[in-house]
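A quick write-up on the structure given underneath.
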Amino acid sequence: MEFDSHMEIALEEARAAAMRGEVPVGAVVVSANGAVLSRAGNRTRELKDPTAHAEILAIRAACAALGAERLTGARLYVTLEPCAMCAAAIAAARIDRLYYGASDPKSGGTAHGARVFSHPQCHHAPEVYDGIAGAEAEALLTDFFRKRR
C-alpha cells in the first residue's frame with residue numbers, strides 16, 4: 001500500500017489561519033478510502049471560542065458530513081502535535097490514524113504533556129505518526145510568533 005499524505009492540505013489551512021491572525025495550525029480528516037471529509041484551520045480568535053482548534057473544527061465537520069459521531073477508519077492530518085483537548089476529541093471520534101507535523105513540547109498532548117493516548121482511561125488510541133512535513137509546519141509557527149514579538 002502506498003502512503004498518500006494529505007499534509008499539504010493541512011499546511012494550506014495553517015497558512016490561511018495565519019492570514020486571519022490565528023495561530024497557524026491546520027487539519028484535514030480523510031476517510032478510509034482517501035476522500036477528504038473536512039479541512040479546517042484555527043479559528044479561536046475569530047469565533048471567540050477556546051475550543052475552535054483546527055482539529056476540533058475538522059472533526060466536527062467530518063462527523064456532520066457523515067452524520068455520525070465516530071470517524072472509524074478515518075485519518076487526521078494536523079500541522080502541530082494535538083493538545084490534550086484535541087487528543088481527547090481524536091480518541092472520542094475513534095480516528096484510526098493521526099499524522100502530525102511539528103512537535104509541541106509546551107502544549108502537546110500526545111508525545112508530550114498529558115500523553116492522552118497512553119492514559120489508562122483513554123478508550124481509543126490511534127496509530128500516531130509524527131514529523132510529517134514537520135520542518136515546514138514548525139517554520140510557519142516560528143515565523144508567525146517571531147512577527148508578533
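When all heavy atoms of S38 and A58 are compared, the closest pair comes out as OG-O, 2.6 Å. Here the shortest heavy-atom pairing between V29 and I59 reads CG2-N, 4.2 Å. Contact detail for A84 and A114: the closest heavy-atom pair is CB-CB, 4.0 Å. Residues C122 and A91 approach most closely at SG-CB, 3.8 Å, considering heavy atoms. Counting all heavy atoms, side chain and backbone alike, I56 lies closest to A89 at CD1-CB, 3.4 Å. Counting all heavy atoms, side chain and backbone alike, A52 lies closest to L57 at O-CD1, 3.6 Å.
The cationic atom of R146 (NZ for Lys, CZ for Arg) does not lie both less than 6.0 Å from the six-membered ring centre of F144 and within 45° of the ring axis.
S103 places no side-chain N or O within donor-acceptor distance of the main-chain N or O of P105, the cut-off being under 3.5 Å. Side-chain N or O atoms of N42 include none that pairs as donor or acceptor with a backbone N or O of T44 at under 3.5 Å.
At a threshold of 4.5 Å between non-hydrogen side-chain atoms, the residues V30 and Y77 count as touching. The shortest distance between side-chain heavy atoms of P24 and L141 falls below 4.5 Å. Counting heavy atoms from C-beta outward, I90 and P126 have side chains that approach closer than 4.5 Å. Side-chain contact between Y100 and L76 is absent, with no heavy atoms from C-beta onward closer than 4.5 Å. Under the 4.5 Å side-chain criterion, counting only non-hydrogen atoms from C-beta, E55 is in contact with V25. Counting heavy atoms from C-beta on, the side chains of P82 and L98 come closer than 4.5 Å. Looking at heavy atoms from C-beta onward, D96 lies out of side-chain contact with R75 at the 4.5 angstrom threshold.
Other residues, nucleotides and ligands place more than 12 heavy atoms under 6.0 Å from the CD atom of E136.
Here the straight-line distance linking atom NE2 of H6 with atom CD of E12 works out to 11.5 Å at 0.5 Å rounding. Atom CD of residue E127 and atom CZ of residue R97 lie 4.5 Å apart, to the nearest 0.5 angstrom. In this structure, the separation between CG on L140 and CG on L80 is 11.0 Å, given to the nearest 0.5 Å. Summarising the geometry, atom CG belonging to D104 is positioned 10.5 Å from atom OG1 belonging to T79; distances are rounded to the nearest 0.5 Å.
Side-chain N/O atoms of E81 and T110 include a donor and acceptor closer than 3.5 Å.
V116 and M85 fall into different hydrophobic clusters, where Ile, Leu, Val, Met, Phe, Trp and Tyr residues are linked whenever their side-chain heavy atoms come under 4.5 Å apart, directly or through other members. A single hydrophobic cluster is not seen to contain both V128 and M7; linkage of ILVMFWY side chains at heavy-atom distances under 4.5 Å, directly or through other members, places them apart. Neither L37 nor V28 shares a network with the other; the hydrophobic side chains, linked directly or stepwise wherever heavy atoms of I, L, V, M, F, W or Y lie under 4.5 Å apart, form separate groups for each. Hydrophobic clustering of Ile, Leu, Val, Met, Phe, Trp and Tyr side chains at less than 4.5 Å, counting indirect connections, keeps V36 apart from L66. Linking ILVMFWY side-chain heavy atoms closer than 4.5 Å, directly or via other members, places I95 and V78 in a single hydrophobic cluster.
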Check step by step if salt bridge (Lys or Arg N to Asp or Glu O under 4.0 Å) holds for R15 and E8.
CA-CA 10 Å; R15 289 184 206 102; E8 185 53 43; 3.2 Å; yes
Test log, rule side chain to side chain contact (heavy atoms under 4.5 Å, CB included), inputs K106 and H112
CA-CA 8 Å; K106 180 180 174 190; H112 299 89; over 6 Å; no
Output, in order, the C-alpha distance, side-chain angles, deciding distance and verdict of salt bridge (Lys or Arg N to Asp or Glu O under 4.0 Å) for R94 and E69.
CA-CA 9 Å; R94 305 299 197 265; E69 77 278 8; over 6 Å; no
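Contact check on E46 versus R20 returns a salt bridge, with a Lys/Arg side-chain nitrogen under 4.0 Å from an Asp/Glu carboxylate oxygen.
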